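These numbers come from a predicted model, not from an experiment. Residues take their numbers from the sequence shown, with the count starting at 1.
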Amino acid sequence: MQTYDFIVVGSGSAGCVVAERLSADGRFSVLVLEAGGTDRRFFVQMPLGYGKTFFDPAVNWNYKTEADPGLAGNADHWPRGKLLGGSSSINAMVWIRGQREDYDAWAAAGNPGWGFDDLLPIFRAIEDNEAGADEWRGRGGPVHVTDNRTRVHPLTHRFLKAGEQAGLALNQDFNGRTQEGVGVYQINTKNGRRMSAARAFLRPAMKRANVRVETNALATKILFEGTRAVGIEYQRGGQTLTARAGREVILSAGSINTPQLLQLSGVGPSGLLKGLGIPVVHANDHVGDNLQDHQGINYTFRGRLPTLNQILRPWWGKMLVGMQYILTRNGPLAMSMNQGGGFFRTDAAQTRPNMQLYFQAFSTVLPRVGERPILTPDPWPGFSIGLSNCRPSSRGSIMIRTKNPLDYPRIAPNAYSTNTDVTEMLDAVKFVRKIAAMPAMSEIIEEEVLPGPKCTTDEELVADFRARSGTVYHPVSTCRMGPDASQSVVDPRLKVHGLSGLRIVDASIFPDNISGNTNAASIMTGAKGAAMILEDHP
């Protein structure tokens, strides 16, 4: 049996950071187990290449949810990264920390050290922000953050102007003093290449003699001696292998795979485990429960001015931007499809923004079957204004179906299962139409294509967003953090309640979702978790 000081399961946004930090001073040996393969793929490194990875089983778990009544019975597609870097290698790269109040609420719930003022220095230390350092932004860190304000499509500026005309302030930095308003999104890229967690953290760590990374290694069981985690059983190359952890096993497999592995190993709801014939090591009904996710929808318009459709659809346009990217690392392929956006309140009673906006200078009303819409823009000039809810109150679950680790778990999002979520989304889509009706946008809009002008009543609008909404790929909280072992899975130091030698360091520990894209917060969690582990192993 191989023996290491630490075993890290998963090389995603948090796991890459954990592996780098634990191995940095050379005292500890670290084994990283990654179920997927390498991130050294052209369409992974090219920012807009995530259109190609959206369904690619070589780098994507391609999960599918249960049919969801809240989504008109649709079974949603959930892409998750299955490669070095995890979902940070296939996401849209928008760099958002979330709101101060998100983290202060974590701390107020009994999680000391997780308030915004505690975490801001960690965020700043992570970043190398092209916009420069200030009291909010960091410079010189491992994650390069690109400031795209001078690079966006001209229509993005019209969207920003329309947002101002609709009553929103222009916000030059969503990670600054306030999140509210409209602006250009910062993205984690560098020199036209994706700055994934693997590129920023794991690749440098892999050069160290005390780090071993095994790819195509699927963790199938946590090994326990009593209630102490002592190692991992995993499958690789048709063999079942084991590795022992002298100090700790760290689960960084993400909000789907972490609860799945715990349940397969006998940690989870006792009724579920006993029903599947899995011996119970530690019963905890919250493993896999409390699933939270952001739901999003696009409103699509036919425009009177050229959009990215005209350059990304024809073969010669694809060739042109491809050559531009290869030769200069610039152009549309070096950016995210979400160039602008913002945060707003759906009503005056809200004390802070509860909705996020996205502006996309292209449209895809009729994508090809099985293809990410971004790959086939419409043949006419179109664009989309999208939105997602920041802090939905709906809760779902992720539970294993069988004791076979190769079987995907049952994912039940329960989207729009509360009246609050339905009401705020209804108010939000009406505000999207308000933005589109402002002079800066209305003068260049030919027609609303989706959902279309015939969709007008509240009932029709609700039916539309139930039918067309879907995940914006931010599942969290399936192993939530909290001081009370009867209400959570890990304590504020990310140790699993009731067990020893086992921690969880990934987005599954979020007590509640954050207001915005979750990748930056996941990387922060990796840094925070690694620091606590090192404190406990002086």
*Asks:* Are Phe510 and Trp106 close enough that their ring centers fall under 6.0 Å?
*Replies:* yes
*Asks:* Would you confirm whether Ser252, through its side chain, and Gly10, through its main-chain N or O, come within 3.5 Å as a donor-acceptor pair?
*Replies:* no
*Asks:* Any donor and acceptor pair, going by atom type alone, linking the side chain of Asn60 with main-chain N or O of Arg80 inside 3.5 Å?
*Replies:* yes
*Asks:* Here's a test for you: under side chain to side chain donor-acceptor pair (under 3.5 Å), which of Thr423, Asn354, Asp427 qualifies with Thr346?
*Replies:* Asn354
*Asks:* Could you note down all residue pairs passing ring-ring contact (aromatic ring centres under 6.0 Å, His included) where residues 426-462 supplies at least one of them, sequence neighbours left out?
*Replies:* Phe344-Phe431
*Asks:* Using a distance-only test with no angle check, is there a side-chain donor-acceptor pair under 3.5 angstrom linking Thr258 and Asp506?
*Replies:* yes
*Asks:* Which residues pass the side chain to side chain contact (heavy atoms under 4.5 Å, CB included) test with Gln324, sequence neighbours left out?
*Replies:* Val321, Thr328, Pro332
*Asks:* Asp76 side chain to Thr65 main-chain N or O, any donor-acceptor pair under 3.5 Å?
*Replies:* no
*Asks:* Exactly one of Thr215, Leu83, Leu202 should register a side chain to side chain contact (heavy atoms under 4.5 Å, CB included) with Ser11. Which one does?
*Replies:* Leu202
*Asks:* Considering residues at least two apart in sequence or located in another chain, which fulfil the side chain to side chain contact (heavy atoms under 4.5 Å, CB included) criterion with Leu320?
*Replies:* Ile311
*Asks:* Is it the case that the ring center of Tyr416 lies less than 6.0 angstrom away from the ring center of Phe465?
*Replies:* yes
*Asks:* Is there a side chain to side chain contact (heavy atoms under 4.5 Å, CB included) between Asn91 and Asn517? Walk through the geometry before answering.
*Replies:* CA-CA 10 Å; Asn91 70 353; Asn517 310 70; over 6 Å; no
*Asks:* Is the side chain of Asp464 donor-acceptor paired with the backbone N or O of Pro451 at a distance under 3.5 Å, no angle test?
*Replies:* no
*Asks:* Please check: side-chain N/O of Asn62 versus main-chain N/O of Phe55, any donor-acceptor pairing under 3.5 Å?
*Replies:* yes
*Asks:* Please confirm whether the backbone N or O of Thr146 pairs with a side-chain atom of Glu130, one donor and one acceptor, at under 3.5 Å?
*Replies:* no
*Asks:* Looking only at side-chain N and O atoms, does Trp380 offer a donor or acceptor that is under 3.5 Å from a partner on Glu446?
*Replies:* no
*Asks:* Do the side chains of Ile96 and Gln179 get nearer than 4.5 Å, heavy atoms only?
*Replies:* yes
*Asks:* Do Thr300 and Ser384 pair up side chain to side chain, a donor and an acceptor below 3.5 Å, judged on atom types alone?
*Replies:* yes
*Asks:* Would you say the side-chain atoms of Gln356 pair up with the backbone N or O of Cys390, donor to acceptor, closer than 3.5 Å?
*Replies:* no
*Asks:* Taking atom CZ of Arg401 as the centre, report whether more than 12 heavy atoms of other residues, nucleotides or ligands fall under 6.0 Å from it.
*Replies:* yes
*Asks:* Can you name the residues that form a side chain to side chain contact (heavy atoms under 4.5 Å, CB included) with Arg41, not counting sequence neighbours?
*Replies:* Val44, Ala58, Val59
*Asks:* Would the distance check show the side chain of Gln295 and the main-chain N or O of Ser469 forming a donor-acceptor pair, the cut-off being under 3.5 Å?
*Replies:* no
*Asks:* Before accepting this row, confirm whether a basic side-chain N of the pair Glu66/Arg410 lies closer than 4.0 Å to the acidic partner's carboxylate O.
*Replies:* yes
*Asks:* What I want to check is whether the side chains of Ser394 and Asp421 have a donor and an acceptor closer together than 3.5 Å.
*Replies:* yes
*Asks:* Taking atom types as modelled, find out whether Gln186 and Asp173 have a side-chain donor-acceptor pair closer than 3.5 angstrom.
*Replies:* yes
*Asks:* Cut-off 3.5 Å, side chains only: do Asn519 and Ser13 have a donor facing an acceptor?
*Replies:* yes
*Asks:* Salt bridge or not between Asp512 and Arg480? Use side-chain N to carboxylate O under 4.0 Å.
*Replies:* no
*Asks:* Please identify which of these residues, Arg193, Arg199, Arg40, meets the side chain to side chain donor-acceptor pair (under 3.5 Å) condition with Gln45.
*Replies:* Arg193
*Asks:* Please determine whether a side-chain nitrogen of the Lys or Arg among Arg304 and Glu443 lies less than 4.0 Å from a carboxylate oxygen of the Asp or Glu.
*Replies:* no
*Asks:* Can you list every pair that meets ring-ring contact (aromatic ring centres under 6.0 Å, His included) and has a residue in residues 305-332, with sequence neighbours left out?
*Replies:* none
*Asks:* Classify the side-chain pair Asn513/Ser477 by whether it contains a donor and acceptor separated by less than 3.5 Å.
*Replies:* no
*Asks:* Are the side chain of Tyr408 and the backbone of Trp61 linked by a donor-acceptor contact shorter than 3.5 Å?
*Replies:* yes
*Asks:* In terms of side-chain geometry, is the basic nitrogen of Arg352 or Asp102 positioned less than 4.0 Å from the acidic oxygen of its partner?
*Replies:* yes
*Asks:* Keeping His157 on the side-chain end and Val152 on the backbone end, is there a donor-acceptor pair under 3.5 Å?
*Replies:* no
*Asks:* Taking side chain to side chain contact (heavy atoms under 4.5 Å, CB included) as the definition, give me every residue that meets it alongside Thr456, ordered by chain and number, with sequence neighbours left out.
*Replies:* Glu460
*Asks:* Is the shortest distance from a Lys or Arg side-chain nitrogen in Arg194 or Asp39 to a carboxylate oxygen in the other one below 4.0 Å?
*Replies:* no
*Asks:* Are His153 and Phe362 an aromatic pair by the rule of ring centers under 6.0 Å?
*Replies:* no
*Asks:* Compare all side-chain heavy atoms of Met441 with those of Phe301 and state whether any distance is below 4.5 angstrom.
*Replies:* no
*Asks:* As a quick check of understanding, evaluate side chain to side chain contact (heavy atoms under 4.5 Å, CB included) for Glu101 and Phe116, giving each step before the final call.
*Replies:* CA-CA 8 Å; Glu101 295 88 344; Phe116 182 78; over 6 Å; no
*Asks:* Assess whether a salt bridge exists between Lys430 and Asp458, defined as any Lys/Arg side-chain N lying under 4.0 Å from an Asp/Glu carboxylate O.
*Replies:* yes
